[in-house]
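Residue numbers count from 1 along this sequence. Just the heavy atoms: all of them, side chains too, but no hydrogens, waters or symmetry mates, feed the values below.
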Amino acid sequence: MKKADIEPFFATLEAANPTPETELEYSTPFELLAAVLLSAQATDVGVNKATRKLFPVANTPQAIVDLGVEGLEEYIKTIGLYRSKAKHLVEAARMLVEHHGGEVPKTRAELEALPGVGRKTANVVLNVAFGEPTMAVDTHIFRVSNRTGLAPGKTPLEVELKLEKRVPEKYRLHAHHWLILHGRYTCIARKPQCWQCAVSPYCDYKPKTPAP
């Protein structure tokens with residue numbers, strides 16, 4: 001994607017959705033951290049169904065620790081990889097209680113030190129809970145960044161670092177949400193819906209998918 005096309009590309013996404021938000025349901029930084037940890041290789045819809053039952057019962061690190069792995073599994077067993085996620089979440093909650101006074105830390109290093117929390121999860125928490133202009137590269141962002149030519153790369157980290165360089169500063173806070181939602185609903189994996197895509201004029205993808 002030409003540098004001159006990046007500004008109108010994001011301006012168009014912003015005009016359509018000025019304040020994009022995560023589709024995960026949460027009300028505190030810890031609920032967000034838990035939901036993002038549970039969302040790996042799962043849909044936001046599936047995670048929300050589980051956390052609607054879980055959070056009224058346990059939505060703090062101490063409450064998750066008290067629930068224990070087996071207790072937590074009962075609430076999240078509809079989510080893929082639920083056994084390992086239950087272990088990670090209980091262990092992460094224990095670390096938050098013991099080392100952070102039950103609060104979610106605000107640095108990438110401290111977040112990534114928590115079990116089950118990788119770079120992408122840390123980036124989501126930093127962005128959504130604490131307003132940092134981070135780029136959490138998931139499968140949607142990886143696909144959109146490569147397909148459009150916005151930030152081509154062979155690994156999520158390569159794409160993330162390229163996005164940090166290429167996305168104009170004023171769009172950085174919301175950029176990862178615009179790209180996720182664009183990949184989820186328009187620039188979909190099997191057949192991008194180019195005929196109804198508002199940013200198609202700025203995108204390098206050839207050939208554009210014709211209207212059905």
Q.
Do L173 and V36 land in one hydrophobic cluster if side-chain heavy atoms of ILVMFWY residues count as linked below 4.5 Å?
A. no

Q: Please assess T43 against V47 for the test side chain to side chain contact (heavy atoms under 4.5 Å, CB included), listing each intermediate value before the final yes or no.
A: CA-CA 6 Å; T43 65; V47 172; over 6 Å; no

(Q) Can you give me the closest heavy-atom contact between A42 and K85, atom names plus distance? (A) CB-NZ, 4.0 Å

Q) Remaining members of L157's ILVMFWY cluster at a side-chain heavy-atom cut-off under 4.5 Å? A) L161

Q: Looking only at non-hydrogen atoms, find the nearest pair between F30 and T60 and report the distance.
A: CE2-C, 3.5 Å

Q | Shared hydrophobic cluster for V199 and L163 (ILVMFWY, side-chain gaps under 4.5 Å) | A | yes

Q.
Would the distance check show the side chain of N123 and the main-chain N or O of M135 forming a donor-acceptor pair, the cut-off being under 3.5 Å?
A. yes

Q | From CA spacing to verdict: side chain to side chain contact (heavy atoms under 4.5 Å, CB included), L181, E23 | A | CA-CA 9 Å; L181 295 169; E23 294 186 323; 3.7 Å; yes

**Q.** Inter-residue atom distance C197.SG - H182.NE2, 0.5 Å rounding
**A.** 3.5 Å

Q. Which pair of non-hydrogen atoms, one from N146 and one from G153, has the smallest distance, and what is that distance?
A. OD1-N, 2.9 Å

Q | Non-neighbouring partners of R143 that pass side chain to side chain donor-acceptor pair (under 3.5 Å), sequence neighbours left out | A | H140

Q) Tell me, which pairs form a side chain to side chain donor-acceptor pair (under 3.5 Å) where one or both residues lie in residues 196-212, sequence neighbours left out? A) Q193-Q196

Q | Atom pair CG/OG1 of L24 and T51 - distance to nearest 0.5 Å | A | 7.5 Å

(Q) Nearest 0.5 angstrom please: L67 CG to L72 CG, how far? (A) 5.5 Å

**Q.** Residue of the set L33, V97, V90, D66 for which side chain to side chain contact (heavy atoms under 4.5 Å, CB included) holds with P61
**A.** V97

Q.
Taking salt bridge (Lys or Arg N to Asp or Glu O under 4.0 Å) as the cut-off, I'd like each qualifying pair that reaches into residues 101-129, sequence neighbours left out, listed once.
A. R119-E160

Q.
Hydrogens and angles aside, do E31 and N59 bring a side-chain donor and acceptor to less than 3.5 Å of each other?
A. yes

Q | Stepwise side chain to side chain contact (heavy atoms under 4.5 Å, CB included) check, L37 with V117 | A | CA-CA 6 Å; L37 193 152; V117 177; 4.1 Å; yes

Q | Inter- and intrachain pairs under ring-ring contact (aromatic ring centres under 6.0 Å, His included), touching residues 54-110, at least two apart | A | none

Q | same_hphob_cluster(L13, V167) at 4.5 Å side-chain heavy-atom cutoff | A | yes

(Q) I need the full list of ring-ring contact (aromatic ring centres under 6.0 Å, His included) pairs touching residues 141-176, with sequence neighbours left out, sorted by first then second residue. (A) F10-Y171, H174-W178

Q) Are I180 and D138 close enough that some pair of their side-chain heavy atoms sits under 4.5 Å apart? A) yes

Q) Between L111 and V104, is a side chain to side chain contact (heavy atoms under 4.5 Å, CB included) present by the stated rule, with each step listed? A) CA-CA 8 Å; L111 285 165; V104 175; 3.8 Å; yes

(Q) Tell me whether R83 contacts the main-chain N or O of V69 through its side chain, where contact means a donor paired with an acceptor under 3.5 Å. (A) no

Q: Kindly work out whether a path of hydrophobic side-chain contacts (I/L/V/M/F/W/Y, heavy atoms less than 4.5 Å apart) joins V124 to L96.
A: yes

Q: List the atom of Y185, the atom of I188, and the distance in Å for their closest heavy-atom pair.
A: C-CG2, 3.9 Å

Q | For G116 against T121, the heavy-atom pair lying closest together | A | O-OG1, 4.5 Å

Q.
Quick check for you: to the nearest 0.5 Å, what is the distance between R94 atom CZ and L114 atom CG?
A. 13.0 Å

(Q) Let me confirm one number: the OG1-CG distance from T134 to L126, rounded to the nearest 0.5 Å. (A) 5.5 Å

Q.
Are V137 and I6 connected into the same hydrophobic cluster when the rule is that any two of I, L, V, M, F, W, Y join if their side-chain heavy atoms are below 4.5 Å apart?
A. yes

Q. When rounded to the nearest 0.5 angstrom, what is the spacing between CD1 in I79 and OG in S39?
A. 8.5 Å

Q.
Can you give me the closest heavy-atom contact between P115 and M95, atom names plus distance?
A. CD-SD, 3.4 Å

Q. Salt bridge between K87 and E73, side-chain N to carboxylate O under 4.0 Å?
A. no

Q | Whether over 12 other heavy atoms sit under 6.0 Å from K162 NZ | A | yes

Q: Spell out, as yes or no, whether a donor-acceptor pair under 3.5 Å connects the side chain of N48 to the backbone of E25.
A: yes

